[in-house]
Amino acid sequence: MSACVPARNDHSSRSSRPSRASGAKRPHSPPPPRGGRFRLSGADVSASITVFLIAVPMSLGLAVAMDAPLAAGLVSAAIGGIVAGLLGGTPLQVSGPSAGLTVVTAELIQIYGWRTTCAITIGAGLLQIVLGSLRAARSALAVSPAIVHGTLAGIGVAIALAQLHIVLGGAPRSSALDNVLSLPSRLTQFEAAAPLIGVLTILLLVVWPRLPGRLGAALGRIPAALAAVVIATAVATMATPGIARVDLPSWRSHALPELPQGPVTALATAVFTVMLVASLESLLAAVSVDKLAADRSTATLEGGPTPPAPVKRSDLDRELRAQGVANAVSGLAGGLPVSGGAVRSSANVRAGAESRASTVLHGVWVLLATLLLVTALELIPLAALAALVMVVGIQMVSFAHIRKVHRHREFLVYGATISGVILVGVLEGVAIGIVMAVAVALHRLARTRITVTEEDGRYLVTARGQLTFLAVPRLSRLLGRLPQGVHAVVELDGSFMDHAAYETIQDWYTAQTALGGRIEFTGRSGGRIAEPASAAHSCCRPWTPWRNHHCHDRPEEVSSPTSPPAGHVVAKAAHAAAPRSPSDHRHGAHRLLSGLSSFQRTTAPLVREELARLAAEGQRPSQLFLTCADSRLVTSMITASGPGDLFTVRNVGNLVPPPGTGDTAGNDDSVAAAIEYAVDVLQVESITICGHSGCGAMQALLGAAPETPSTPLWRWLQYGLPSLERMRSRHHSWARIAGRLPTDAVEQLCLTNVVQQLEHLRAHESVARRLAAGTLQLHGMYFHVGEAQAYLLTEGASSGTGPDEVFVRVAPGAAWGTEPEDEELHSASATTVDA
């Protein structure tokens, strides 16, 4: 049996178990998990070493960028890994020196000195603990993404400009603007050694992950940051022995915090700034780690090493508290401010980490390195570390974020924020971004274009934008100019209408209709917004005729010219059709003809070319899809497939008669014929058996009496009796679905039936031959109709006398056999699962 996605056999509550009265036995309970909360695995050890090799050069580089003691970078990396790793709410997130705080920390060190900066770090950590205790983490994510990404991009630009001076052999200035202005003089003074080592480091960082061939794949396992720094160090040792290098001071001279000295307001602002940037960076990284971990869990298939268990969603408040504790401890120990890092965290996830053990171990390795590898670390040239941090700063300016911000028409906010951070400062830049975001929102809210055009005595009133009280004077003036008893179409293109605008339109509508006027309300597309939302938006779109598909049966009921605008507005805002009454079905006799006519009118022109190609080339489906004949199961919809993708066989109960049961006595051989044709003639690559919730065939099997008459339906359902026996057998555990037990015996039988019919399928000669050759894959699937949710079959660990059959949820964005994307399931031609 091919497995799609591994799943844990978690204990289920007693309330979720079917009762004994159902006639089915309870499943074998899985053994209790071994070990305690902190468990160590080989994958965690391997991942921790990978992250350690990235963290050491990056920590030293960030300390150089901040003009802080180099040992402080290693101290904060060790504390971030151990403390935040043990206490955090995001197990796979790796914390350490904050790239986002580079500019802020450098400015604080320049103004207050190192020891006061440590005290500010302690204060920021305590403030994070308070905010985490007040459950304010989610509120921090409410800040506009354009402001957050603009802040990080501005910090990245400032980092890159500062580190460019070190790469050129000089020292950075106090601000990004000064670094730009002093760059021409630096270019005329630099010596060749430092720039050459910096350029070599940058080239290695860019080229190393892209090395071709098997050798490139093998070398690619070494982190690019480590490889670049090691090679640059080796070249500098041989070619430029006099170049400036890392100088780690003795631990005896390590500086600890002191009581802060300075204006209270300025110190409070500094604490708040460190807290804000560190918190935002950590929380955004936590959300990204969640997505990476979920994508990895979804995309990992059978056929390779045992995949990691699914990771729980982050507890952001707990993560914020843990970051606060780590910052407080780091400040007390003389370390840099700490935050969750996207670079280290993504490397941790991609390296296969399974738990927080990898994060903690990485901190332990950093701690050991600071004690035992001082001599080796002091060989590293400062130009190599500066080049590494400069590349990190450049990467903080994400073009993907810029495209997204531009698509949502928020580039003005993004540009204002990044400019403010570069020219004025981080906190000031955030404030500028917030002010700009508010101004843009108010401008959009107030900007409403209302026009009136007339053609052949018929008026068109167009309102573009949001209808608020600010637009009421112009709206009422233009509506008042229209003649009495007019025939007018009002086109509303906006998602919001406040009470003042609504009453203005309502009063005008009432007055016009009382004088014999005819008023229609439409959306921008021209569809009447009094009709069900499905008709105006997606009901009768050519590719989705199934949604609220009875709308074309009532063409005269779509809209009434005398319907009040309140109904229009509500219908448009709701985007949901009301429940149908029995009268809606009076045209049922004509539904088939109406549907065919709708196809010929809307869909046929779009698919004619594709169907002509398929007619000429013949069918070449990639998958045999065997499912139930239930009318609620729309195979093309749930698999997002089109013509030519699926070879579909449907029957009552998605049953597969075992081979040899078809004969002249009336037993059925049609399914076997379809299987043979699909496997031997069409050469499909996979076969999926799909069951579904609320299956009437399974209910009939459960409720059948021994004296059930031998009707054609019952003779067919006898092929499902082995599924019933399997469910009641003590030699098989009950199937599980998404970490829980089935809700009742019917659901249990529906799941078990999929497993049993796969066994029948394997027994067919053509299938067995292709399976032995490794050219065919078998999959089990369960579709919950009420949830509109698909589940895939896998095999869990043994918990008794046989394997547990586990159905796991297909998450949005999963693309089987590929890295997940943020789209719905791909077409069935791509839905093949590696066996």
Side-chain angles (χ1 to χ4, degrees), residues 16-28 625-633 635 649-675 688-737 740-764 780-787 791 793 801-802 804-805 807:
S16 65
R17 301 179 182 177
S19 64
R20 293 185 182 270
S22 64
K25 78 174 193 68
R26 293 181 178 178
H28 304 292
F625 198 82
L626 198 153
T627 188
C628 185
D630 192 293
S631 62
R632 299 165 296 178
L633 209 64
T635 56
V649 175
R650 304 184 68 152
N651 61 57
V652 176
N654 48 276
L655 301 178
V656 180
T661 56
D663 53 33
T664 58
N667 290 328
D668 190 277
D669 217 359
S670 62
V671 175
I675 292 171
T688 299
I689 294 182
C690 176
H692 67 95
S693 61
C695 181
M698 299 302 104
Q699 296 178 29
L701 281 174
L702 277 174
E707 63 277 4
T708 302
S710 181
T711 63
L713 175 60
W714 179 245
R715 286 197 298 271
W716 171 253
L717 289 180
Q718 286 181 340
Y719 297 126
L721 290 177
S723 302
L724 188 61
E725 294 172 1
R726 181 189 187 99
M727 186 183 78
R728 291 172 173 169
S729 170
R730 294 186 177 274
H731 299 291
H732 297 282
S733 298
W734 269 8
R736 295 173 181 266
I737 177 169
R740 64 169 174 83
L741 291 178
T743 55
D744 53 28
V746 174
E747 185 173 59
Q748 176 59 57
L749 184 55
C750 291
L751 299 172
T752 303
N753 184 57
V754 173
V755 179
Q756 183 63 39
Q757 300 310 315
L758 282 167
E759 291 195 4
H760 291 176
L761 183 61
R762 289 191 198 92
H764 284 260
M781 175 179 164
Y782 175 76
F783 186 76
H784 196 292
V785 177
E787 297 175 356
Y791 298 85
L793 175 64
T801 57
D804 292 334
E805 306 297 345
F807 288 79

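Considering only heavy atoms from C-beta on, F783 stays 4.5 Å or farther from T627 through its side chain.
Checking R762, H764, Q756 one by one against H760, the side chain to side chain donor-acceptor pair (under 3.5 Å) holds for a single residue, Q756.
Within the structure, every pair that satisfies the salt bridge (Lys or Arg N to Asp or Glu O under 4.0 Å) test and touches residues 746-761, not counting sequence neighbours, is listed here: R726-E759, R740-E747.
Put simply, CD on Q718 and CG on L721 are 6.0 Å apart, with the number rounded to the nearest 0.5 Å. Atom OG1 of T752 sits about 11.0 Å away from atom CZ of R728, to the nearest 0.5 Å. Summarising the geometry, atom CE belonging to M781 is positioned 12.0 Å from atom CG belonging to L793; distances are rounded to the nearest 0.5 Å. Note that the CE atom of M698 and the CG atom of L751 stand 11.0 Å from one another [nearest 0.5 Å].
Here the closest non-hydrogen pair linking A674 and V649 is CB-CG2, 3.6 Å. Of all the heavy atoms in G691 and V754, the pair that sits closest is N-CG2, 3.6 Å. Across all their heavy atoms, C695 and C750 have their closest contact at CB-SG, 3.8 Å. Smallest separation of non-hydrogen atoms from L761 and I689: CD2-CD1, 4.1 Å. The two residues Y719 and L655 come nearest to each other via the heavy atoms CB-CD1, 4.1 Å. The nearest pair of heavy atoms linking R650 to L633 is NH2-O, 2.8 Å.
Judged as a side-chain hydrogen bond (donor to acceptor under 3.5 Å, both in side chains), and not counting sequence neighbours, the contacts of S723 are N753, Q757. Residues passing the side chain to side chain contact (heavy atoms under 4.5 Å, CB included) test with S693, sequence neighbours excluded: Y782, H784, V785. In this view, R632 and D630 satisfy the salt bridge (Lys or Arg N to Asp or Glu O under 4.0 Å) rule, not counting sequence neighbours. With sequence neighbours left out, T711 forms a side chain to side chain contact (heavy atoms under 4.5 Å, CB included) with P709, L713, W714.
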- Task: Start with the C-alpha gap between L626 and N651, add the side-chain angles, then the distance that decides, and say whether side chain to side chain contact (heavy atoms under 4.5 Å, CB included) holds.
- Result: CA-CA 8 Å; L626 198 153; N651 61 57; 4.1 Å; yes
